[in-house]
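Note that the structure is predicted; figures quoted are calculated from it, not measured. Residue numbering restarts at 1 for every chain, and letters A, B, ... go by the order of the sequence lines.
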Amino acid sequence: EDKVVQSPLSLVVHEGDTVTLNCSYEVTNFRSLLWYKQEKKAPTFLFMLTSSGIEKKSGRLSSILDKKELFSILNITATQTGDSAIYLCAVGTQGGSEKLVFGKGTKLTVNP
Amino acid sequence: ETGVTQTPRHLVMGMTNKKSLKCEQHLGHNAMYWYKQSAKKPLELMFVYSLEERVENNSVPSRFSPECPNSSHLFLHLHTLQPEDSALYLCASSQDYSTDTQYFGPGTRLTVL
């Protein structure tokens with residue numbers, strides 16, 4: 001059974017801290033790994049990773065994939081209260097059943 | 001705004017009611033999805049439509065009935081639901097079925113009494 005596990009499940013930090021969110025996966029026929037940010041309702045797309053070792057960066061957020069160890073991390077530097085959200089990791093599979101398998105998410109709270 | 005809209009945003013219904021959720025995408029995408037998000041559980045994929053044909057049905061009870069009249073619209077018809085069906089129902093779309101980047105609507109918060 002395809003599985004995506006995120007850790008920690010929740011995290012509370014102060015503004016200015018740096019955080020690292022983890023996502024490990026066990027899927028057959030891996031195609032891609034995606035990170036989403038979910039604030040109130042709709043998840044919004046952050047990154048899609050398909051190759052190992054290549055960092056994707058967007059402002060204070062960055063992410064990297066390790067296809068050998070089957071995990072990805074999402075880093076947020078100099079956190080702000082607006083970064084408070086649930087961060088979802090999803091793995092895309094290919095083959096007979098192409099789909100996204102989601103983790104439970106990490107709830108990040110950034111306090112002022 | 002992601003280009004995917006959902007109505008209604010909130011819905012309260014009794015177990016004997018029939019209601020429908022609507023999703024519309026303005027992105028010119030060919031694939032649309034229904035997800036269920038329950039508290040403390042991962043997003044669960046319910047249905048996938050590609051070019052108006054259902055391509056995936058993940059063991060969803062028949063009290064949930066999807067309809068895709070065209071590539072821009074997706075409905076989820078609800079009938080004789082159970083209280084455990086209360087959840088956030090999210091619609092998403094992607095360029096094609098094989099494209100992983102999905103754009104989500106705001107969701108419908110459903111409460112079944």
**Q** For the residue pair Ala42(A) and Gly105(B), what are the closest heavy atoms and their distance?
**A**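 That closest heavy-atom pairing would be CB-O, 2.8 Å.
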
**Q** Out of curiosity, does Tyr25(A) fall in the hydrophobic cluster containing Tyr87(A) (side-chain heavy atoms, cut-off under 4.5 Å, transitive links)?
**A**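 In one cluster with Tyr87(A): Tyr25(A), yes.
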
**Q** Inspect the surroundings of NZ in Lys57(A) and state if more than 12 heavy atoms from other residues, nucleotides or ligands are less than 6.0 Å away.
**A** yes

**Q** Tell me the closest heavy-atom pair linking Pro43(A) and Leu90(B), and the distance in Å.
**A**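 In terms of heavy atoms, the two residues are closest at CD-CD1, 4.0 Å.
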
**Q** Measure distances from Gln102(B) to the heavy atoms of chain A and classify the residue's part below 4.5 Å as side chain, backbone, both or neither.
**A**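 Both backbone and side chain.
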
**Q** With a 4.5 angstrom heavy-atom cut-off, which part of Leu88(A) approaches chain B: side chain, backbone, both or neither?
**A**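 Contact with chain B: side chain only.
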
**Q** Is it true that, when you exclude Glu26(A) itself, more than 12 heavy atoms of the residues, nucleotides or ligands shown sit nearer than 6.0 Å to its CD?
**A**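 Incorrect, the count does not exceed 12.
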
**Q** Are side-chain heavy atoms of Leu34(A) and Thr101(B) found at a separation under 4.5 Å?
**A**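 They are in contact (side-chain heavy atoms under 4.5 Å apart), so the answer is yes.
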
**Q** Answer yes if Phe47(B) and Leu88(B) sit in the same cluster of Ile, Leu, Val, Met, Phe, Trp and Tyr residues linked by side chain heavy atoms under 4.5 Å apart, and no otherwise.
**A**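 Not linked; separate clusters.
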
**Q** Using the rule given for side chain to side chain contact (heavy atoms under 4.5 Å, CB included), can you reason through Tyr33(B) versus Leu100(A), listing the C-alpha separation, both sets of side-chain angles and the distance that settles it, and then say yes or no?
**A** CA-CA 11 Å; Tyr33(B) 310 78; Leu100(A) 280 182; over 6 Å; no

**Q** If you group Ile, Leu, Val, Met, Phe, Trp and Tyr by side-chain heavy-atom gaps below 4.5 Å, do Tyr97(B) and Val101(A) land in one group?
**A**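 Hydrophobic grouping puts Tyr97(B) apart from Val101(A).
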
**Q** In terms of hydrophobic clustering (I, L, V, M, F, W, Y; side-chain heavy atoms under 4.5 Å; direct or indirect links), are Tyr103(B) and Trp35(A) co-clustered?
**A**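 Result: no, two separate clusters.
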
**Q** Flag the pair Leu43(B) / Gln38(A) as yes when at least one side-chain heavy-atom distance between them is below 4.5 Å, and no otherwise.
**A**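 They are not in side-chain contact.
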
